[in-house]
Amino acid sequence: MQTISILGATGSIGQSTLDVVNRHPDLYRVFGLTCHSQVELLIEQARLCQPHYLVVTDPNKLALASDLAKQAGLTAQVLDANSGLKLITQADDVSVVMAAIVGAAGLLPTLYAVQAGKKVLLANKESLVMSGELFMSEVNKHRATLLPIDSEHNAIFQCLPADYQYANPKQSGISKILLTGSGGPFLNEPIDTLINKSPDQACAHPNWQMGRKISVDSATMMNKGLEFIEACWLFGLQPENIEIVLHPQSVIHSMVQYKDGSVIAQLGNPDMRTPIAHALAYPERIDAGVAPLDFSQLTDFSFCKPDFNRYPNLRLAINAVSAGQYASTALNAANEVAVDAFLRGRIAFTQIADINRSVLEHTASEALNSIEDVINFDQRVRKQTQQHLTKVA
């Protein structure tokens, strides 16, 4: 029996995690759930899994969550972020933490779990994008187990040899990591029409059901850029070790190419419950509730290189790796602010990349030697991006 806390329980990853957990009541029980503001959904989730703690990070929703929990007859204690996040990630009773809070807000709670030496299922890519070397140092220092949840990184993990040597892919016989991406909803749209795309159009991903921020990142391919940065830190890779390949069908989730000419791929229906179940049960396997592939129905596997004119955010992310940690941190901060502005109707779709580029060009290199440095730098870049927005919105 493993006991799990789910950070970001009301998001798409959190909901999928609970679906897998609820299929195996003999293997998993829930210790704590968190949400930001979707307290009604959080209470419904708690009625099904009966956690010990509920953490609400939006202070304006805390009283409502407490009232709803009492009305539902829940025994769970409702806590705010300050008192709750450390408790549900570091308690002795907790063996697994699903880190699924979107964006920079997920960095500290994920680190709490790492510093407690937990088995951490990493769905928050921003933790590594913002603080790659520092984060991995904490993982090693506290002997935490870090398992990737992003479908691409989980696929790479499954395709690597069991004796893979971190930061030495050639020693493991690897010539290249092939990181796949669908290309998003605008893959075949004329580039000159992208400026007119609405938030709802950008969020209408053809294959995956995701939150709105991640959906927009998929449309701009910033999501793939962040995954590129994350893969470098997760597996100890250099940018030249990774090639991004567009695969619109989203059946092959990523591949590893070996120097003998072999390519090992991980395939599956586009459903996040597969990587979640894999990481939850690793090194065993459990039912995820996902239908198996029917190969008789797979009539089209297509691949192509990404067009940087269509996806300028992707080029920014790849270049940020070589520029250094400050650039990755700044790019993530600027992008979160720009995407929020787009979703609120303040800027056009194509202005997301314009703003990200401008912020990077006006951000000086800076040494980030601690998590506190990272957080302070992140906040300064966000303010800088907001100032930039007032000029162009």
Check: [Y] and [X] side chains under 4.5 Å, non-hydrogen atoms:
{"X": "Asn335", "Y": "Thr385", "value": "no"}
{"X": "Pro248", "Y": "Ser302", "value": "yes"}
{"X": "Cys203", "Y": "Leu343", "value": "yes"}
{"X": "His36", "Y": "Val56", "value": "no"}
{"X": "Leu27", "Y": "Gln2", "value": "no"}
{"X": "Asp287", "Y": "His24", "value": "yes"}
{"X": "Ser254", "Y": "His153", "value": "no"}
{"X": "Val263", "Y": "Tyr258", "value": "no"}

Apply the test side chain to side chain contact (heavy atoms under 4.5 Å, CB included) to residues Ser218 and Met210: give CA-CA distance (whole Å), side-chain angles for both, the deciding distance (0.1 Å), then the verdict. CA-CA 10 Å; Ser218 180; Met210 304 179 291; 3.9 Å; yes
Nearest heavy-atom neighbours spanning [X] and [Y]:
{"X": "Ile13", "Y": "Met272", "value": "CD1-CE, 3.7 Å"}
{"X": "Ser131", "Y": "Ser127", "value": "OG-O, 2.8 Å"}
{"X": "Leu267", "Y": "Phe295", "value": "CD2-CE2, 4.1 Å"}
{"X": "Ala144", "Y": "Val114", "value": "CB-O, 3.6 Å"}
{"X": "Leu360", "Y": "Ala330", "value": "CD2-CB, 4.0 Å"}
{"X": "Ser83", "Y": "Leu79", "value": "OG-CB, 3.8 Å"}

Starting from the C-alpha separation in whole Å, work towards a yes-or-no answer on side chain to side chain donor-acceptor pair (under 3.5 Å) for Ser137 and Glu133. CA-CA 6 Å; Ser137 176; Glu133 185 174 2; over 6 Å; no
Qualifying salt bridge (Lys or Arg N to Asp or Glu O under 4.0 Å) pairs with a residue from residues 79-94, counting only residues at least two apart or across chains: none
Once salt bridge (Lys or Arg N to Asp or Glu O under 4.0 Å) is applied, what residue pairs with a partner in residues 40-69 remain, sequence neighbours excluded? Glu44-Arg47
Would you say the rings of Phe157 and Tyr282 are close, in the sense that their centroids are separated by under 6.0 Å? yes
When clusters are formed from ILVMFWY side-chain contacts under 4.5 Å, directly or step by step, what else is grouped with Ile195? none
Partner residues of [X] under the salt bridge (Lys or Arg N to Asp or Glu O under 4.0 Å) criterion, sequence neighbours left out:
{"X": "Arg273", "result": "Asp19, Asp271"}
{"X": "Arg344", "result": "Asp340"}
{"X": "Lys118", "result": "none"}
{"X": "Glu366", "result": "Arg380"}

Lys383 and Asp378: salt bridge (Lys or Arg N to Asp or Glu O under 4.0 Å), yes or no, with the steps? CA-CA 9 Å; Lys383 291 179 181 178; Asp378 170 86; over 6 Å; no
Nearest 0.5 Å, please: how far is [atom2] in [Y] from [atom1] in [X]?
{"X": "Thr390", "Y": "Arg346", "atom1": "OG1", "atom2": "CZ", "value": "7.5 Å"}
{"X": "Gln238", "Y": "Ser322", "atom1": "CD", "atom2": "OG", "value": "8.0 Å"}
{"X": "Ile191", "Y": "Glu189", "atom1": "CD1", "atom2": "CD", "value": "11.0 Å"}
{"X": "Leu33", "Y": "Ile6", "atom1": "CG", "atom2": "CD1", "value": "5.5 Å"}
{"X": "Leu42", "Y": "Ser37", "atom1": "CG", "atom2": "OG", "value": "10.5 Å"}
{"X": "Glu227", "Y": "Met221", "atom1": "CD", "atom2": "CE", "value": "8.5 Å"}

Between Ser262 and Asp260, a side-chain donor and acceptor under 3.5 Å: yes
Establish, from distance only, whether the side-chain atoms of Lys224 and Asn313 form a donor-acceptor pair under 3.5 Å. no
Shared hydrophobic cluster, [X] / [Y] (ILVMFWY, side-chain heavy atoms < 4.5 Å):
{"X": "Leu194", "Y": "Val339", "answer": "yes"}
{"X": "Leu293", "Y": "Ile286", "answer": "no"}
{"X": "Val251", "Y": "Ile156", "answer": "no"}
{"X": "Val392", "Y": "Ile352", "answer": "yes"}
{"X": "Ile4", "Y": "Leu87", "answer": "yes"}

Test Glu138 against His142 for side chain to side chain donor-acceptor pair (under 3.5 Å), laying out the working first. CA-CA 6 Å; Glu138 291 294 294; His142 298 282; 3.2 Å; yes
Name every donor-acceptor pair, under 3.5 Å, that has one atom in a side chain of residues 94-113 and the other anywhere in the protein, sequence neighbours excluded.
residue, atom, partner, partner atom, Å
Ser95, OG, Thr3, N, 2.9
Ser95, OG, Thr3, O, 3.0
Thr110, OG1, Gly106, O, 2.6

With side chain to side chain contact (heavy atoms under 4.5 Å, CB included) as the criterion, how do Leu54 and Gln77 come out once you've worked through the C-alpha distance, each side chain's angles and the decisive distance to 0.1 Å? CA-CA 6 Å; Leu54 299 175; Gln77 186 176 351; over 6 Å; no
Asp307/Arg315 salt bridge by N-O under 4.0 Å criterion: no
Sequence-distant partners of Phe301, ring-ring contact (aromatic ring centres under 6.0 Å, His included), two or more places apart: His247
List the residues meeting side-chain hydrogen bond (donor to acceptor under 3.5 Å, both in side chains) with Asp192, not counting sequence neighbours, and say none if there are none. none
Mind jotting down which residue pairs meet the ring pair (Phe, Tyr, Trp, His ring centres under 6.0 Å) criterion with at least one end in residues 46-85? Sequence neighbours excluded, please. Phe31-His52, Phe31-Tyr53
Give every donor-acceptor pair under 3.5 Å between a side-chain atom in residues 172-187 and any protein atom, sequence neighbours left out.
residue, atom, partner, partner atom, Å
Ser172, OG, Gln165, N, 3.1
Ser175, OG, Gln257, O, 3.1
Ser175, OG, Gln257, NE2, 3.4
Lys176, NZ, Glu243, OE1, 3.0
Thr180, OG1, Ile252, O, 3.1
Thr180, OG1, His253, O, 2.8
Ser182, OG, Gly184, N, 3.0
Ser182, OG, His205, NE2, 3.0

If you apply the rule side chain to side chain donor-acceptor pair (under 3.5 Å), what do you find for Asp294 with Ser296, and how did you get there? CA-CA 5 Å; Asp294 182 352; Ser296 67; 2.5 Å; yes
Would you please classify the geometry between the Phe349 ring and the Phe342 ring as parallel, tilted or perpendicular, with 30° and 60° separating the classes? perpendicular
